[in-house]
S.K.: 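I am attaching a structure below and will ask some questions about it afterwards.
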Protein chains: 2
Amino acid sequence: METDLTNVENMRAVGLRPTRQRLALARLLFGHGNQHVTAETLFERAQMAGIKVSLATVYNTLHQFTDAGLLRQVMVDTPRSYFDTNITDHHHFYFEDTGKIADIPHDRINQQINDISPTILPAGTSLSRVDVVVRLRGAE
Amino acid sequence: METDLTNVENMRAVGLRPTRQRLALARLLFGHGNQHVTAETLFERAQMAGIKVSLATVYNTLHQFTDAGLLRQVMVDTPRSYFDTNITDHHHFYFEDTGKIADIPHDRINQQINDISPTILPAGTSLSRVDVVVRLRGAE
DNA sequence: TTCACTGCAAATGATTTGCAAAGCA
DNA sequence: TGCTTTGCAAATCATTTGCAGTGAA
């Protein structure tokens with residue numbers, strides 16, 4: 001289990017003040033299993049949940065959580081970017097027809113990639129991360 | 001060798017009228033080895049080369065070439081997208097410090113990916129393409 | 001009280017679009 | 001001529017920013 005950001009102590013532990021907005025957004029993000037959100041979808045979900053928060057704050061919060069290592073930013077489509085609550089080593093399906101993404105479950109790709117990557121890095125660089133996006137057509 | 005779009009017949013062959021702007025942009029794109037461009041960088045290069053073309057037309061042309069299978073759109077960074085003149089199966093380095101991309105040369109990743117991918121596709125979907133982005137820190 | 005955080009509205013940056021003028025068939 | 005394509009400017013969309021007001025320590 002990852003850091004549970006839905007309580008005050010853990011929010012402080014990652015260097016963020018436990019404000020009403022951040023706690024509420026954390027609850028939406030981390031309280032219901034792994035999910036992929038955009039700023040817009042999280043904002044809408046917050047509104048439906050009756051949480052008073054501005055879109056700008058949603059953007060700020062997503063980036064703060066990402067910087068704290070609690071979210072991972074996934075770029076598959078311009079110009080919108082997704083944030084994934086699953087921060088373990090894994091990769092993504094991208095459904096071209098619907099624009100949605102999903103985690104690749106039992107990740108065979110992952111092991112292979114991790115084995116290969118270090119051997120091909122250009123001199124003077126270090127690996128930040130490997131993103132694999134398997135783009136699909138057809139049913140979601 | 002790919003289709004050489006720098007001449008009138010081939011431009012027609014992909015279903016596009018060989019206009020002055022399209023021919024000139026094709027020359028910039030396909031006349032000097034593989035490269036990665038954004039709409040903005042191609043536009044600047046065109047201006048430096050004395051080609052009279054608008055930014056809107058550069059955008060249109062990049063998408064028309066992409067639809068014709070002559071370019072590949074690569075998304076690594078929001079909200080700007082790159083277009084790669086190399087349309088063979090291959091993947092990319094992304095230099096986080098500079099925001100630039102480069103093809104991964106002798107592509108060991110590629111074979112592994114191609115072997116694995118078909119085995120993990122969700123029912124009802126077909127593989128469009130696999131994008132691997134190896135994100136690097138440090139020197140470009 | 002102090003400094004971080006929030007919200008709003010305006011600014012930004014990439015991209016797209018509407019439409020009249022220009023160019024290819 | 002007729003249908004594409006172009007160019008410009010305005011529109012759009014996601015995102016960021018400036019700044020005054022609010023809230024946590």
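Quantities reported herein were computed from a predicted structural model and do not represent experimental measurements.
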S.K.: So among Ile104(B), Asp103(B), Val132(B), Val133(B), which one has a side chain to side chain contact (heavy atoms under 4.5 Å, CB included) with Phe93(B)?
M.R.: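 That would be Ile104(B); it is the only one of Ile104(B), Asp103(B), Val132(B), Val133(B) passing the side chain to side chain contact (heavy atoms under 4.5 Å, CB included) with Phe93(B).
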
S.K.: On the nucleotide dT5(D), are OP1 or OP2 found under 4.0 Å from the side-chain N or O atoms that Arg22(B) carries?
M.R.: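 Arg22(B) to dT5(D) OP1/OP2: side-chain N or O found under 4.0 Å.
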
S.K.: Please check the phosphate of dG7(C) (OP1 and OP2 only) for any side-chain N or O of Gln21(A) closer than 4.0 Å.
M.R.: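 Yes, within the criterion.
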
S.K.: So if I take every side-chain heavy atom of Arg17(B) and compare against dT5(D), dA25(D), dG7(C), which nucleotide ends up nearest?
M.R.: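 My answer, after comparing the listed nucleotides, is dT5(D).
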
S.K.: Quick one: on DNA chain D, does Glu40(A) or Ala56(A) contact a more 5' nucleotide (nearest heavy atom)?
M.R.: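 Nearer the 5' end of the strand: Glu40(A).
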
S.K.: Please figure out whether Lys52(A) or Phe83(B) has its closest DNA chain C nucleotide nearer the 5' end.
M.R.: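 So the residue in question is Lys52(A).
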
S.K.: Check whether any side-chain heavy atom of Asn7(A) lies under 4.5 Å from a side-chain heavy atom of Met11(A), and answer yes or no.
M.R.: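 They are not in contact (no side-chain heavy atoms under 4.5 Å apart), so the answer is no.
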
S.K.: Are His92(B) and Asp131(B) linked by a side-chain donor-acceptor pair shorter than 3.5 Å?
M.R.: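 Per modelled atom types, His92(B) and Asp131(B) side chains form no pair under 3.5 Å.
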
S.K.: Looking at His63(B), does any N or O in its side chain come under 4.0 Å of the phosphate oxygens OP1/OP2 on dT16(C)?
M.R.: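 True: His63(B) side-chain N/O within range (under 4.0 Å) of dT16(C) OP1/OP2.
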
S.K.: In whole angstroms, how far is the P atom of dG7(D) from the CD atom of Gln47(B)?
M.R.: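 In whole Å, dG7(D) P lies 11 Å from Gln47(B) CD.
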
S.K.: For Arg80(B) and dA14(C), is the shortest distance between a side-chain N/O and OP1 or OP2 below 4.0 Å?
M.R.: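 Yes, Arg80(B) has a side-chain N/O under 4.0 Å of OP1/OP2 on dA14(C).
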
S.K.: May I have the distance from Leu23(B) (atom CG) to dT5(D) (atom C1'), rounded to whole angstrom?
M.R.: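 Taking CG of Leu23(B) and C1' of dT5(D), I get 13 Å after rounding.
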
S.K.: Distance check needed: dT15(D) P versus Leu55(A) CG, whole Å only.
M.R.: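 It works out to 9 Å between those atoms.
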
S.K.: Would you say a side-chain N or O of Tyr59(A) is under 4.0 Å from OP1 or OP2 of dT15(D)?
M.R.: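 For dT15(D), OP1/OP2 do have a side-chain N/O of Tyr59(A) under 4.0 Å.
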
S.K.: Glu9(A) has an atom CD; how far is it from atom P of dA25(D), in whole Å?
M.R.: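 It is 11 Å, rounded to the nearest whole Å.
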
S.K.: As a quick check of understanding, evaluate side-chain contact (heavy atoms from CB on, under 4.5 Å) for Leu23(B) and Gln21(B), giving each step before the final call.
M.R.: CA-CA 6 Å; Leu23(B) 289 168; Gln21(B) 291 87 336; over 6 Å; no

S.K.: Between Leu16(A) (CG) and dG23(D) (P), how many Å, whole number?
M.R.: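 For the pair Leu16(A) CG and dG23(D) P, the rounded distance is 19 Å.
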
S.K.: Pair Gln47(A), Ile51(A) - check side-chain contact (heavy atoms from CB on, under 4.5 Å), show working.
M.R.: CA-CA 5 Å; Gln47(A) 299 206 298; Ile51(A) 299 166; over 6 Å; no

S.K.: From CG of Asn60(B) over to P of dC8(D), roughly how many Å is that when rounded to an integer?
M.R.: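 My rounded result for the distance is 14 Å.
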
S.K.: Quick one: is Arg12(B) getting a side-chain N or O under 4.0 Å of the dA25(C) phosphate, OP1 or OP2?
M.R.: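 So the side chain of Arg12(B) is within the cut-off, an N or O lying under 4.0 Å from OP1 or OP2 of dA25(C).
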
S.K.: Return the value, rounded to whole Å, for the distance between atom CG of Leu62(B) and atom P of dT16(C).
M.R.: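 Checked: the CG to P distance equals 10 Å.
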
S.K.: Strictly below 4.0 Å: does Thr19(A) bring a side-chain N or O up to OP1 or OP2 of dT6(C)?
M.R.: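 Yes, within the criterion.
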
S.K.: Within less than 4.0 Å of OP1 or OP2 of dA14(D), is there a side-chain N or O belonging to Ser81(A)?
M.R.: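 Result: no.
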
S.K.: Rounded to the nearest Å, what distance is computed from the CZ atom of residue Phe43(B) to the P atom of nucleotide dT16(C)?
M.R.: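 Rounding to the nearest Å, CZ of Phe43(B) and P of dT16(C) are 16 Å apart.
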
S.K.: Given the side-chain rings of His63(B) and Phe83(B), with only the six-membered ring counted for Trp, is the space between their centroids under 6.0 Å?
M.R.: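 So the answer is yes for these two rings.
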
S.K.: Taking only the side-chain heavy atoms of Pro79(B) (C-beta and beyond), determine which of dT6(C), dT15(C), dA14(C) contains the nearest atom.
M.R.: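 Minimum distance to the Pro79(B) side chain belongs to dA14(C).
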
S.K.: OP1 or OP2 of dC8(C) sitting under 4.0 Å from any side-chain N/O of Ser54(A)?
M.R.: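 No, Ser54(A) has no side-chain N/O under 4.0 Å of OP1/OP2 on dC8(C).
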
